[in-house]
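Sequential numbering from 1 along the given sequence is applied to the chain's residues.
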Amino acid sequence: MLKKLLSFFFLLQLFPVLLKAQDISLYTQINGRYDFTFIGNTLNPSENTNFSPTFLFTSSSATLNLSPDDRIERAYLYWAGSGPGDTNIKLNGVDFTPDILSNVVGTANNFTYFSAFKDITTFVQSTGNGVYTISDFDLNSYVSTYISNATHFAGWAILVVYENPNLTLNQLNIYQGLEALSPNRPLGIIDYMTIQLDNLYLISNTGAKIGFIAWEGDRFIQESERLSFSANGTTNILSNPLNPSNNAFNGTNTETNSSNLYNMDLDVYSIENYIVPGTTSATVSLQSGQDYVMLNTVVTKLNSQLPDATIVLENPIINCNSREITIDYIVSNFNSTEVLNAGTPITFYADAQPITTIFTQNIIPIGGSEIGTITLTIPNTIPLNFNLTANVDDSGNGTGIQPELIETNNSFQIAIELIVSPTFNNLEPLTTCNLGLTRGIFDFSNYSEIVKTDPSHIVTFHESYNDAVQNSNPITTISNYEAITTPKEIFVRIDNGCFSITSFLLLTENCPPTVYNAVSPNNDFSNDTFFIDGLRDVFVNFELLIYNRWGKHLWTGNNNKPDWDGYVEDGVGTTLAPDGTYYYILYLNDPNYPEPLTGYLYLNR
């Protein structure tokens with residue numbers, strides 16, 4: 001052993017140390033009538049030195065032996081050793097690859113070491129008690145290299161969490177990662193490691209314990225080696241019959257009372273006398289002046305019979321132009337070790353302003369929930385957009401009425417937008433030419449943007465107020481809409497989840513008629529009559545007079561007579577006007593056109 005230490009520390013002087021790659025932190029918390037145990041085994045035939053063993057086993061076994069009343073809740077497999085990692089091993093003949101692979105680099109030659117993790121809960125639940133055998137775990141290719149500083153090792157462990165109705169209500173915290181102690185030269189310079197254990201709440205210290213999965217510890221290296229536990233300002237060195245206070249990592253399994261777990265440790269310590277009710281955090285400290293130690297997992301079991309109230313808000317119902325909100329809430333007691341009493345207060349806040357306080361109606365069991373619905377009236381001082389917050393175990397002033405396992409998870413927040421009918425811009429009447437009997441063609445497509453005060457609003461046009469309210473029968477021909485009669489009111493729906501309705505008028509005006517002054521009454525269906533576009537059914541009281549070039553009146557027309565085709569009223573000898581130039585006077589008899597229109601036309605037979 002002296003030869004091993006001299007070689008180890010000589011090499012440390014030559015190479016830098018790079019350690020503490022994956023900090024150990026809380027992985028999961030389990031609350032209820034639970035406890036834990038370890039099983040596992042080494043693959044080292046003997047404790048490693050810098051000349052032995054010259055090989056590592058590729059398989060080993062361990063036995064799980066729970067009582068008939070124990071029900072397996074969780075099971076986690078860990079395997080570790082020299083090198084970057086064996087990522088394909090077998091457990092009872094079944095292939096497993098890691099969920100997490102962690103590495104540290106350290107010791108004399110900057111060698112890499114690994115720890116692998118796999119959640120095997122379903123596998124162990126189905127297998128139950130019996131022998132568990134790891135195989136195809138082969139690190140022999142690294143032995144010749146790592147033997148130089150006696151850090152060739154391999155081992156595995158299964159952490160089993162089980163439930164038993166006869167247990168007290170406990171809180172189990174599982175912390176994991178991969179951190180290493182690698183002492184430096186000269187002898188006596190100590191390496192330290194401190195692991196913070198948070199999320200604790202202790203109601204009674206009865207049965208309190210802490211367990212460790214660690215790798216590569218050596219039984220015969222004891223220089224300044226210490227494992228201590230600190231809580232409430234007091235530090236105590238951990239020890240038990242298998243693990244002296246100066247040699248915590250010495251190849252033992254306190255669950256099986258084994259001292260031949262070469263270069264790995266599965267150790268459990270009682271901390272009943274080192275922790276007091278009300279404890280919420282603690283630390284574990286390790287130190288070593290020689291031994292290279294890798295810490296993988298820390299497990300605590302504490303008696304903490306407390307509820308853990310949480311709340312969720314969902315399904316808000318918000319009505320238009322209303323400051324009332326109806327919302328569902330769920331109060332749960334999932335992560336707990338005690339029931340949540342009826343009468344636990346729940347306070348609702350709009351932004352930071354308390355709105356109302358209600359109370360749970362029933363005792364909520366461990367793992368249970370209570371569902372409720374509440375209608376809240378939001379004060380006018382609260383803006384339309386705000387955060388609605390529900391705090392369970394809050395009496396209305398931010399304080400609760402009972403202690404909980406976790407005091408920081410009582411709140412749930414949801415963003416709320418109260419919806420009011422949208423504002424809009426007024427629309428001017430739209431006027432086009434009268435096509436006859438007040439009929440008109442209109443383009444009001446640009447009104448869909450003009451009416452908006454917010455680009456996100458949705459605009460539709462309707463022919464009746466009821467259609468606009470029901471959002472039915474929208475007008476689709478807004479760029480070429482025909483109004484048979486005018487004035488006509490068009491209704492506009494502006495929608496933002498609520499809606500507003502406005503309207504505008506479609507109007508027609510009598511536009512100046514267009515005279516086509518070429519007439520060829522030869523029945524070829526082209527210019528057979530004197531046609532004036534925009535006259536008939538527009539200027540319904542018009543009067544048209546036709547004269548020859550000598551001023552003789554030949555014909556009078558109005559809205560009730562057909563267009564002139566060269567017919568001469570009261571003609572002498574013939575009623576057909578000959579080819580030539582004629583003159584017209586058109587009285588529109590419209591107040592907007594007080595003067596008659598005059599001009600000439602040419603008749604060509």
Side-chain angles (χ1 to χ4, degrees), residues 21-22 37-49 52-64 75-107 111-124 126-127 130-160 176-178 180 212-218 249 251-253 255-256 258 260-267 292-297:
Q22 290 80 29
T37 188
F38 298 122
I39 68 167
N41 207 345
T42 181
L43 275 70
N44 282 50
S46 60
E47 188 165 300
N48 56 21
T49 71
S52 69
T54 58
F55 71 96
L56 299 174
F57 293 127
T58 60
S59 67
S60 63
S61 301
T63 300
L64 179 64
Y76 301 129
L77 172 64
Y78 304 84
W79 67 100
S82 307
D86 186 341
T87 59
N88 193 346
I89 65 170
K90 294 182 185 294
L91 176 60
N92 289 3
V94 178
D95 287 317
F96 284 100
T97 58
D99 297 331
I100 301 172
L101 181 66
S102 302
N103 291 117
V104 290
V105 179
T107 75
F111 289 160
T112 299
Y113 305 87
F114 80 94
S115 172
F117 165 82
K118 181 71 176 180
D119 185 336
I120 58 168
T121 299
T122 302
F123 181 82
V124 176
S126 62
T127 303
V131 176
Y132 287 78
T133 299
I134 287 287
S135 59
D136 284 14
F137 184 10
D138 190 352
L139 300 183
N140 280 289
S141 61
Y142 298 101
V143 170
S144 61
T145 300
Y146 284 72
I147 199 173
S148 64
N149 64 356
T151 56
H152 52 304
F153 78 96
W156 62 276
I158 300 175
L159 165 60
V160 177
Q176 65 184 41
L178 187 62
F212 301 89
I213 299 177
W215 313 104
E216 221 299 303
D218 291 276
F249 302 101
T252 57
N253 183 347
E255 297 288 77
T256 62
S258 170
N260 296 318
L261 208 65
Y262 305 122
N263 300 108
M264 62 176 285
D265 284 88
L266 303 177
D267 293 324
Y292 179 65
V293 178
M294 296 176 2
L295 186 61
N296 201 161
T297 304

(Q) When you measure from the side chain of Asp265 to the backbone of Gly251, do you find a donor-acceptor pair of N or O atoms at a distance under 3.5 Å? (A) yes

(Q) Please confirm whether the ring centroid of Tyr292 lies under 6.0 Å from the ring centroid of Tyr113. (A) yes

Q: Identify the two heavy atoms, one from Ala154 and one from Asn44, that lie closest to each other, and give their separation to 0.1 Å.
A: N-OD1, 3.1 Å

**Q.** Separation of Phe57 CZ from Leu139 CG (nearest 0.5 Å)
**A.** 13.5 Å

Q: Working to the nearest 0.5 Å, report the span between OG of Ser60 and CD1 of Ile134.
A: 7.5 Å

(Q) Just to verify, what does Thr145 make a side chain to side chain contact (heavy atoms under 4.5 Å, CB included) with, not counting sequence neighbours? (A) Phe111

Q. How long is the span from the CG atom in Asp218 to the CG atom in Asn48, to the nearest 0.5 Å?
A. 5.0 Å

Q) Rounded to the nearest 0.5 Å, how far apart are CZ of Phe249 and CE of Met264? A) 12.5 Å

Q | Stepwise side chain to side chain contact (heavy atoms under 4.5 Å, CB included) check, Leu101 with Thr87 | A | CA-CA 8 Å; Leu101 181 66; Thr87 59; 3.9 Å; yes

Q. Minimum heavy-atom separation for Pro84 to Tyr142, with atom names?
A. CD-OH, 3.3 Å

Q. What pairs with Thr133 under side chain to side chain donor-acceptor pair (under 3.5 Å), at least two apart in sequence or on another chain?
A. Ser61

Q: Check side chain to side chain donor-acceptor pair (under 3.5 Å) between Asn41 and all other residues, then give those that pass, not counting sequence neighbours.
A: none

(Q) Can a donor-acceptor pair be found, under 3.5 Å and without considering hydrogens, that links the side chain of Thr121 to the backbone of Ala75? (A) yes

Q) Closest heavy-atom contact between Tyr262 and Pro45? A) CE1-O, 3.3 Å

Q. Does Glu216 offer a backbone N or O that forms a donor-acceptor pair with the side chain of Thr151 under 3.5 Å?
A. no

Q.
Run the side chain to side chain donor-acceptor pair (under 3.5 Å) test against Asp267 and tell me which residues pass, sequence neighbours left out.
A. Asn243, Thr252

Q | For the student: nearest non-hydrogen atoms of Ala157 and Leu266, plus distance | A | CB-CD2, 3.5 Å

**Q.** Main-chain N/O of Thr42 paired with Asn263 side-chain donor or acceptor, under 3.5 Å
**A.** no

Q.
Just by distance, no angles: are the side chains of Asn296 and Ser115 close enough, under 3.5 Å, to form a donor-acceptor pair?
A. yes

**Q.** For Leu295 against Ala214, the heavy-atom pair lying closest together
**A.** CD1-CB, 4.1 Å

(Q) I'd like to check the salt bridge (charged side-chain N to carboxylate O under 4.0 Å, His left out) partners of Asp99; sequence neighbours left out, ordered by chain and number. (A) Lys118

Q. With sequence neighbours left out, which residue pairs that include part of residues 85-94 fulfil the salt bridge (Lys or Arg N to Asp or Glu O under 4.0 Å) condition?
A. Lys90-Asp95

Q | Qualifying residues under ring-ring contact (aromatic ring centres under 6.0 Å, His included), relative to Tyr78, sequence neighbours excluded | A | Phe117

Q: For Thr63, check side chain to side chain contact (heavy atoms under 4.5 Å, CB included) against everything at least two apart and list the hits.
A: Val131

Q | Atom pair CG (Leu43) and CZ (Phe153), whose distance is rounded to the nearest 0.5 Å | A | 11.0 Å

Q. Are the side chain of His152 and the backbone of Phe55 linked by a donor-acceptor contact shorter than 3.5 Å?
A. no

Q.
Suppose we screen for side chain to side chain contact (heavy atoms under 4.5 Å, CB included). Which residues come up paired with Ser258, at least two apart in sequence or across chains?
A. Asn253, Thr256, Asn260

(Q) Within the 4.5 Å heavy-atom criterion, are Val104 and Thr112 side-chain neighbours or not? (A) no

(Q) Could you check whether any side-chain N or O of Thr297 sits under 3.5 Å from a backbone N or O of Ile213, counting only pairs where one atom can act as donor and the other as acceptor? (A) no

Q | Test ring-ring contact (aromatic ring centres under 6.0 Å, His included) applied to Phe96 - qualifying residues, sequence neighbours left out | A | Phe123

Q: Kindly compute the distance separating CD1 (Ile89) from CZ (Phe137), expressed to the nearest 0.5 Å.
A: 6.5 Å

Q. Would Asn140 and Thr58 count as a side chain to side chain contact (heavy atoms under 4.5 Å, CB included) if you check the C-alpha gap in whole Å, the side-chain angles of each, and the deciding distance to 0.1 Å?
A. CA-CA 8 Å; Asn140 280 289; Thr58 60; 3.8 Å; yes

Q: Applying side chain to side chain donor-acceptor pair (under 3.5 Å), name anything that partners Asn88, two or more places apart in sequence or on another chain.
A: none

Q.
List the residues meeting side chain to side chain contact (heavy atoms under 4.5 Å, CB included) with Ala62, not counting sequence neighbours, and say none if there are none.
A. Ile39, Trp156

Q. Hey, does Ile120 have a side-chain heavy atom less than 4.5 Å from the side chain of Tyr76?
A. no

